[in-house]
Amino acid sequence: MSRISKAFENKKAFIAFVTGGDPDIETTEALIPQMAAAGADLIEIGIPFSDPIAEGVVIQAADERALKAGTTTDKLFDMVKRVRGKVDVPLVFMTYVNPVYTYGTERFAKRCAECGIDGIIVPDVPFEEKEEVNGACEAAGIELISMIAPTSRERIDMIARQAKGFLYCVSSLGVTGVRSKITTNIKEMIDHVKKASDIPCAIGFGIATPEQAHEMASVSDGAIVGSAIVRLIAQNGKNCIDPVCQYVREMKAAVASA
Amino acid sequence: MEAKKGRYGLYGGQYIPETLVPAVQEVEQAYEACKNDPAFQAELKDLMENYAGRPSLLYYAEKMTKDLGGAKIYLKREDLNHTGSHKINNVLGQVLLAKKMGKKRVIAETGAGQHGVATATAAALMGLECEIFMGKEDTDRQVLNCYRMELLGAKVHPVTSGTMTLKDAVNETMREWASRMDDTLYVLGSVMGPHPFPMIVRDFQKIIGEEIKEQLMEKEGKLPDAVIACVGGGSNAMGSFYEFIPDTGVRLIGCEAAGLGVDNPKNAATIANGSVGIFHGMKSLFCQDEYGQIAPVYSISAGLDYPGIGPEHANLNETGRAQYVPITDEEAVEAFEYLSRTEGIIPAIESAHAVAYAKKIAPEFEKDQIIVVTISGRGDKDVAAIARYRGVEIFD
């Protein structure tokens with residue numbers, strides 16, 4: 001069983017996102033084991049991109065900070081390799097297709113496997129284009145995480161049937177970022193998936209409060225939180241570890257009780 | 001040309017977030033239906049002729065021809081279209097498509113403001129709401145066009161993310177579309193983005209080349225020896241070239257913005273300096289670093305200030321069917337002034353890039369050979385910027 005599958009075994013998963021290299025590589029490197037210790041069941045590390053079209057303003061700003069601090073894909077690979085020696089939590093890269101393609105898709109996937117990355121999420125590679133990266137991921141033994149959105153409807157069956165690891169369920173239209181209310185009928189979306197596949201479903205986009213995380217995890221297999229964590233990092237800079245871990249503990253408790 | 005749906009050789013595709021896939025597929029289906037619908041085509045033809053003023057003139061530039069002493073030079077006058085550029089061809093098509101799709105609102109990116117003005121115009125005409133996303137750098141450079149869009153009833157959003165230019169305006173328009181697609185169509189301004197946009201925009205722009213062929217046949221009884229157009233995303237060039245692709249004797253030349261020079265980091269010459277990448281929905285050539293971070297590009301021309309190029313151009317370059325050359329700010333400004341003084345035609349600074357290359361190569365041609373230069377837009381919008389470039393401060 002893959003590390004990713006284990007994250008969902010007999011429990012609801014709390015998935016935490018950080019932008020790699022925000023505010024610097026050292027902070028991310030210190031943060032990952034601490035977030036795992038605080039209860040994060042899976043950690044997504046964003047490879048910063050100059051033009052993150054699926055992100056709202058909070059993660060856009062984090063990407064800018066990380067790039068300004070000199071973060072590169074190679075520096076993140078090296079960092080992950082060091083972290084992997086310390087923790088067993090599943091680690092997933094989230095990035096855009098251009099950094100992957102430009103690195104050399106096969107080389108990128110191989111490097112992921114060598115450094116202990118378990119999967120990748122590439123929001124601008126939809127089902128119809130997935131062969132662009134999937135072959136390389138399979139060859140390297142990492143999982144390409146698929147996404148569904150509120151607009152997916154009848155597309156859910158084909159996407160869910162081929163999904164690996166877990167299915168990233170986008171809660172709302174638009175881009176990442178904290179929302180006061182999630183209006184999509186998430187339960188209907190998840191029920192649709194479950195008819196097609198037994199892949200674990202985690203919900204992301206817009207989740208910030210323990211109440212929201214609890215509510216989302218109660219109709220699915222887990223909750224993904226990005227912008228709310230990244231905002232704490234933006235506010236606290238290098239001193240973000242304590243406030244982020246405190247937040248992760250609260251969110252984990254809310255998800256676990258769902 | 002298309003090996004598989006939405007592909008031009010290696011290039012093209014549909015690299016967009018899942019949220020947008022159904023919206024893009026809806027456009028694809030609606031366009032296929034309209035393309036084969038005589039009523040749609042008749043309505044579009046009527047708009048092109050009776051609203052945009054087509055066909056645009058093919059003008060024999062006699063003084064320029066004599067002055068350069070080589071090829072006979074014709075100018076395809078897209079600057080004479082309503083709204084002052086070729087952009088109207090595409091937006092009349094796409095906004096009409098939006099209306100047929102039952103959309104109530106259109107959104108668009110703009111660089112120089114020409115596509116924004118054209119979209120706002122078509123939206124006003126057809127009674128749709130319109131919102132335009134424009135980099136903050138460009139809203140500062142093109143104050144008049146911003147006010148023009150507002151006059152036409154559009155809302156202009158200055159984009160302050162990233163480099164605050166055209167690519168960031170595209171990012172922001174995509175983000176907006178992903179948050180509201182039920183009643184909204186993204187009217188993309190160039191032959192770029194995810195399939196079907198490169199194809200749709202080309203189809204609505206190919207009238208430029210079709211008219212060139214017909215008008216030149218009438219005047220000269222033969223095909224041109226070369227067709228020259230400026231290239232940012234590449235819509236006026238694609239429109240000028242497409243009809244001539246099978247006519248292999250016709251040289252097709254795209255002029256890209258080299259800014260301060262191809263060896264200076266401040267340029268936007270994608271073919272000269274770019275490498276293959278996947279961005280803004282398409283696999284194509286992009287100015288980027290070794291890690292795939294999109295480069296901040298620069299050109300005096302806001303309309304060519306884009307780090308990528310349409311996928312069909314990338315393929316025409318690769319197959320050698322078209323040739324792409326870099327033109328610097330300085331060469332473009334000189335051509336801007338040259339055409340103004342020689343022919344009494346003030347071209348858009350974008351189009352001046354094509355004029356600059358025509359000036360360079362015309363003397364190498366025989367006197368019975370013909371070069372057609374597409375003047376994609378008029379230069380009124382650029383007068384203040386050119387004055388600044390020459391050290392004259394005027395208010396625009």
Side-chain angles (χ1 to χ4, degrees), chain A residues 47-57 60-61 63-64 67 71-76 95-105 108 122-133 146-156 159 167-177 205, chain B residues 4-7 12-26 28 159-163 165 167-182 184 193-195 274-284 286-296 307-308:
Chain A
I47 300 178
F49 182 47
S50 52
D51 297 85
I53 57 152
E55 312 296 348
V57 288
Q60 285 175 40
D63 281 16
E64 274 182 37
L67 289 173
T71 306
T72 64
T73 309
D74 278 321
K75 286 181 188 172
L76 288 177
T95 189
Y96 289 79
V97 64
N98 202 44
V100 176
Y101 180 82
T102 308
Y103 197 86
T105 307
F108 183 93
V122 194
D124 54 350
V125 174
F127 182 83
E128 284 78 358
E129 298 288 359
K130 76 187 243 183
E131 270 321 302
E132 189 70 49
V133 281
S146 300
M147 302 178 97
I148 58 167
T151 50
S152 299
R153 297 183 189 112
E154 66 277 12
R155 296 168 52 78
I156 289 177
I159 297 171
L167 188 63
Y168 192 126
C169 306
V170 174
S171 75
S172 313
L173 296 181
V175 292
T176 58
F205 278 42
Chain B
K4 78 178 214 218
K5 195 191 74 174
R7 292 279 174 174
Q14 219 165 42
Y15 301 88
I16 45 171
E18 172 61 21
T19 304
L20 278 174
V21 172
V24 167
Q25 290 181 344
E26 185 195 353
E28 211 177 319
V159 174
T160 54
S161 59
T163 56
T165 59
K167 83 171 166 77
D168 310 283
V170 174
N171 294 345
E172 218 47 52
T173 319
M174 281 190 172
R175 289 181 184 125
E176 172 62 25
W177 200 28
S179 66
R180 185 171 164 189
M181 68 275 286
D182 269 2
T184 300
H195 175 71
S275 53
V276 182
I278 304 172
F279 180 52
H280 280 164
M282 59 183 171
K283 185 179 283 185
S284 191
F286 298 96
C287 296
Q288 55 183 338
D289 74 7
E290 59 175 313
Y291 290 108
Q293 306 295 345
I294 303 302

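Note that the structure is predicted; figures quoted are calculated from it, not measured. Letters A, B, ... are given to chains in the order of the sequence lines, protein chains preceding strands, and every chain is numbered from 1.
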Return the OG1 to CD1 distance between B/Thr173 and A/Ile53, rounded to the nearest 0.5 Å. 11.0 Å
Does the side chain of B/Gln25 reach to within under 4.5 Å of the side chain of A/Glu128, using non-hydrogen atoms? yes
Within this structure, what is the OG1-CD distance for the pair A/Thr71 and B/Gln293, rounded to the nearest 0.5 Å? 9.5 Å
From CA spacing to verdict: side chain to side chain contact (heavy atoms under 4.5 Å, CB included), A/Gln60, B/Asn171: CA-CA 11 Å; A/Gln60 285 175 40; B/Asn171 294 345; over 6 Å; no
So how far is it from A/Glu129 CD to B/Ile16 CD1, rounded to the nearest 0.5 Å? 9.0 Å
Taken to the nearest 0.5 Å, the spacing of A/Ser50 OG from B/Gln288 CD works out to 9.0 Å
Looking only at heavy atoms and a cut-off of under 4.5 Å, which of A/Pro126, A/Ser152, A/Pro48 has the most pairs with chain B? A/Pro126
Pick one of side chain, backbone, both or neither for B/Asp289, based on which atoms fall under 4.5 Å of a heavy atom in chain A. backbone
Hey, mind stepping through A/Asn98 and B/Tyr15 against side-chain hydrogen bond (donor to acceptor under 3.5 Å, both in side chains) and telling me if it holds? CA-CA 10 Å; A/Asn98 202 44; B/Tyr15 301 88; over 6 Å; no
Value for CZ (A/Phe205) from OG1 (B/Thr19), rounded to nearest 0.5 Å, stands at 6.0 Å
Nearest-0.5 Å distance that lies between atom CE in B/Met181 and atom CG in A/Leu173: 5.5 Å
Under the 3.5 angstrom rule, does the side chain of B/Arg175 hit a backbone N or O of A/Glu55 as a donor-acceptor pair? yes
Engaged part of A/Pro123 at the chain B interface, taking heavy atoms whose separation is under 4.5 Å: backbone
Heavy atoms, side chains only, cut-off 4.5 Å: are A/Phe49 and B/Phe279 in contact? yes
For B/Glu290, is it the side chain, the backbone, both, or neither that has a heavy atom closer than 4.5 Å to a heavy atom of chain A? backbone
Pairs flagged by salt bridge (charged side-chain N to carboxylate O under 4.0 Å, His left out) wherever residues 17-26 of chain B is involved - sequence neighbours left out: A/Arg155-B/Glu18, B/Glu26-B/Lys103
From CA spacing to verdict: salt bridge (Lys or Arg N to Asp or Glu O under 4.0 Å), B/Lys283, A/Glu132: CA-CA 11 Å; B/Lys283 185 179 283 185; A/Glu132 189 70 49; 3.1 Å; yes
Where does A/Leu67 contact chain B at under 4.5 Å (heavy atoms): side chain, backbone, both or neither? side chain
Answer whether the closest heavy-atom distance between the side chains of A/Val175 and B/Ser179 falls below 4.5 Å. no
B/Tyr291 side chain near A/Asp74 side chain, heavy-atom distance below 4.5 Å: yes
Is B/Val276 close to chain A through its backbone or its side chain, or both, or neither, when contacts mean heavy atoms under 4.5 Å? both
